[in-house]
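Chain letters run A, B, ... following the sequence lines, proteins first and then strands; every chain starts at 1. Because the structure is a prediction, the values reported are computed rather than measured. All values below were derived from every heavy atom in this structure, side-chain atoms included, with hydrogens, water molecules and symmetry-related copies excluded.
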2 protein chains.
Amino acid sequence: MTAHVAGGDLSRLRQLNADAVVRVLRDEGPRTLTELARLVGLSRASTEDVVQELLEVGWVAEVGPAAGGVGRPARRYRFRADAGQLLGVDVGGHKVLAVVTDLDGTVLHSRQLPVTPELGRSERLAAVDAVVDRVLRAAGLTGDRLWGAGVATTGLVDGSGRVMLSEALAEWTGVDLAGHLRDRVGGPVRVENDCKVAALAETWRGVARHASDMVFILAGWRTGAGLIVGGRLHRGFGNAAGEIGALPAAGWQRAPGHLRHAGDVFAAARTGDKAALTAVRRYVKDLAQGISALVLTLDPELVVIGGGFSRSADVFLEPLRAELDRWCLRTPEIRVSTLADEGVALGAAKLALDLSAGRSYTRSRN
Amino acid sequence: MTAHVAGGDLSRLRQLNADAVVRVLRDEGPRTLTELARLVGLSRASTEDVVQELLEVGWVAEVGPAAGGVGRPARRYRFRADAGQLLGVDVGGHKVLAVVTDLDGTVLHSRQLPVTPELGRSERLAAVDAVVDRVLRAAGLTGDRLWGAGVATTGLVDGSGRVMLSEALAEWTGVDLAGHLRDRVGGPVRVENDCKVAALAETWRGVARHASDMVFILAGWRTGAGLIVGGRLHRGFGNAAGEIGALPAAGWQRAPGHLRHAGDVFAAARTGDKAALTAVRRYVKDLAQGISALVLTLDPELVVIGGGFSRSADVFLEPLRAELDRWCLRTPEIRVSTLADEGVALGAAKLALDLSAGRSYTRSRN
DNA sequence: ACGCCTTTAGATGGAGTCCTTGATATCTCG
DNA sequence: CGAGATATCAAGGACTCCATCTAAAGGCGT
C-alpha cells in the first residue's frame, strides 16, 4: 500500500497550495491576487507569496491588468501552458499520428503516416519513429525537452508499457513500446490502450469535461470502450476494464460486420436507402447491447460516442438512444465526440501530463 | 465542483498528520512513537506532539510497554476504537437488524425482528424503531451519543435518504428513511442500497480488505451487486450502479426461480440429487451472465459472494467459477463472504463512519 | 488640475507546525 | 555496577500562513 496523502513536511503544505493556485489559474483563466486568494481559500499575503514563487519557477506569468474598474489596477496572472510540451502518439492499424501539445492540451503540431494492419512489427515501429521525428522537428524540439510522452495503441497493455495482446495488428503482441520510445524522448513514457486514452481526452478537452462518471465508446471498424469512474480513468486490475465486447450477448464483435456490404452505408442511409437503413439498425442493436451492459454497471452521467463512425453519428444516434431506452434503467445523456481523428493522440498527451504531475512547484532551496 | 484537497491553513497540515497517525494505529495495531514516526514520515518530536494531542482529545490511548528488548522501554499507543459508537440498520424483507459497533467495526450489540415483505409501511417503520430502541438500550446508549447512523434497504435510494423505488417491499417507495431516523438518533444519518453497503462491509471487515476494485454479489432470493472502484464505493450518477439485473441477457430476475421448486435445493444437491443439481446448474448459468458483464466492465481484482445463498456456496462455487471462465477474459479470484447475516448492517455502520470522518482531531483552541 | 475614494501592492510582526540537536532517563547485558 | 541501547524531554531555528498597516495607482467629481 502506498502512502496516501499523508501529511508531512511544511513544504508539503506549500506544494498543496501551489497546486491549488495552478489548478485555479488553469481552469478559470487569468485572475488577480485577490480573486485567487478567495478561490483557493488562502489569505492575500500567502497567495502573493505562492504566486511569486510560481512566477520564478515559470508556472505562471503576468498579463496586463484588466481595463476599467475602480481602485488601483490589480496585476493579473495566467497559467503558463507553454511552460512545457507533451508528446502524444496514436499507433493504429491504418495510421500513426503524433501530436505535440502544450500543458493545456492545445495541439501545437501534428503529423501522421498511413499504415496498414498487416504491416510488420519493425516497419510499424519505424513509422512511429518517423512520425515522432517529424512532429518534434516541426515543433523545434528535441526529445529530451519534452515533459513526457504517452502512447496509445490497440490491444491490452500491461503496466510496464508492453503490448500483451493485440489481435488487430500483425506482430504487435509483446512489443515493448514504452522501452522503444524511452530511447527517443526524455521524460517519462507511458503506454495505454487507445480506447482508454480517448476517454481521457474527452474529459480533458472534449465533451465530457465536467463528468466524473463517463463511458466512452469507440465506434469504428473495431468497437471498444474506455471508462471514467470517479473522475479518473479506470483501468481495472489487469488493465482490461471495459472489454465488454467479449460478452457474446453484446454483439460488438459482429456489430460492424453489418455495415461492411454497402460502400458508405451511412451516406446511403442518409438518403433513405432501405438496405443501408437495415444494416445500420442491426449495427445499432448489437452496439446497444454492450453499451447497456456498461451503463447498467456504472450508471454514468454521460456516454460519449467517438471513433471513426462518430462523424456519421447523425444517422445512428437517435436509433441508438431509442435502443438504450429499452434496456437501461436511466438512459444517460449521449454526446458525440468533437475531437475527430486526434482524440486518441490527445488522450495520450494527457497520459503524459498526468505522469509528470507533481513536478516541483517550488524553487529548489540554495 | 467541490474544493479538492486544496491545501490551506497550517492547522490543516496538523489535521492531515493526525489523520495519518490515527490511520496507522487503526490499521497496524499498537505502535511506539519511533515506529509511528517512521510510518507516517514525521520526525519523532512532531509525532510526539501529534500523539499528545490525540491522547487529550481521546482518539488514542496508551497501552503497556512491550516486554523484552534492549534499551529504555517505549510507550505504546493504540487507536481507541471505543471512542465512539456507530449504528447500522438493515431493513430487509424478512428481518430488520440493527447493530451497534465501535470505530473498528466490532459488533458490540445486535438485535433483530422478523418481518414479512408484505408488511405495510408504518408497521415496518415501527419495527425499525423497535429494533433500534432495543439495540441502543442493550448498548446503554442514547441516540444522541452516537457518532452517526447508517441505514440499508432494498431498492434505489436517492441522495437525501429517500427510497425512490422498491419493488420487493410493500408501500416502501417514497419512504423518507433518513428523515425518520434523524428524529431518533443524534449525529448524521445516511441511507443506502443494501447491496452497496454490503460491498462496503467486505472492504472494511470482510474478505476484500485489501482490494481496491471489487464486485460484491448478493446472492439470495433477490440478486444484486455492489461495486468498489478505486477503493471507494461506486454509486453512479443516479445511484443505480450495479443494477445489471435489468439486462435481459443477465438472467438475474429469473435466476433464483430455478431453485424454488425443491425445499432446500442446496442440501439436496449436496447429496447428489439429480433434479437439485440441474436446478443449481441453471441458477449458476443465469447468475454468471450478469457477473461476467460486471467483471468484463470493471476487471476487478476480486468477486465476493454474499447474501443468503453464500452459506451454500460450497455447492455452486466451482460451477460458477467454471461458467465465468467461459466468458471472462481474466476470471478474478472469487471468495465467499464470512460476514453472515450481519454484512449489510455492518456496511451500514461503515456508512455512518465515513459520514463522521473528519471529526476534529485537534483540541479546540480557546 | 486637484483632492477624495476605492482597491491593490508591499512590508512587518506574530502564531503555529515541523525539524534538528543535545541532555537526561530507563532498561538489558555482561 | 558500568556500557550500550533506546526512549523521553526540552530548546532553538526554519518555514508557512495570517492580520494589519502604510504606500501606491487608478477613477471620479468639482
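In terms of position on DNA chain D, the residue among B/Gly71 and B/Arg75 whose nearest nucleotide sits closer to the 5' end is B/Gly71. Take the nearest nucleotide of DNA chain D for B/Thr32 and for B/Ala45: the residue whose nucleotide is more 5' is B/Thr32. Of the two residues contacting DNA chain C, namely A/Asp9 and A/Pro73, the nearest-nucleotide position lying further toward the 5' end is that of A/Pro73.
Residue side chain A/Arg72 reaches the base of D/dA24 through a donor-acceptor N/O pair under 3.5 Å, judged by distance alone.
The listed nucleotides are C/dA9, D/dT16, D/dT6; the one nearest the side chain of A/Arg14 is D/dT16. Of the candidate nucleotides C/dA9, C/dT7, C/dT26, C/dA9 has the atom lying nearest to any side-chain atom of A/Glu48.
Contact check, B/Thr34 against D/dA7: a side-chain N or O comes under 4.0 Å of OP1 or OP2. In terms of phosphate contacts, A/Asn17 brings a side-chain nitrogen or oxygen within less than 4.0 Å of OP1 or OP2 of D/dC17.
Nearest heavy-atom pair, B/Lys196 versus B/Ala241, reported as atom, atom and distance to 0.1 Å: NZ-O, 3.5 Å.
A/Asn239 contributes a side-chain N or O that, together with a main-chain N or O of A/Val157, makes up a donor-acceptor pair within less than 3.5 Å.
Taking a cutoff of 4.0 Å between a charged side-chain nitrogen and a carboxylate oxygen, A/Arg76 and A/Glu35 do not qualify as a salt bridge.
Side-chain contact check for B/Thr106 and B/Asp104: no donor-acceptor pair (N or O, by modelled atom type) lies under 3.5 Å.
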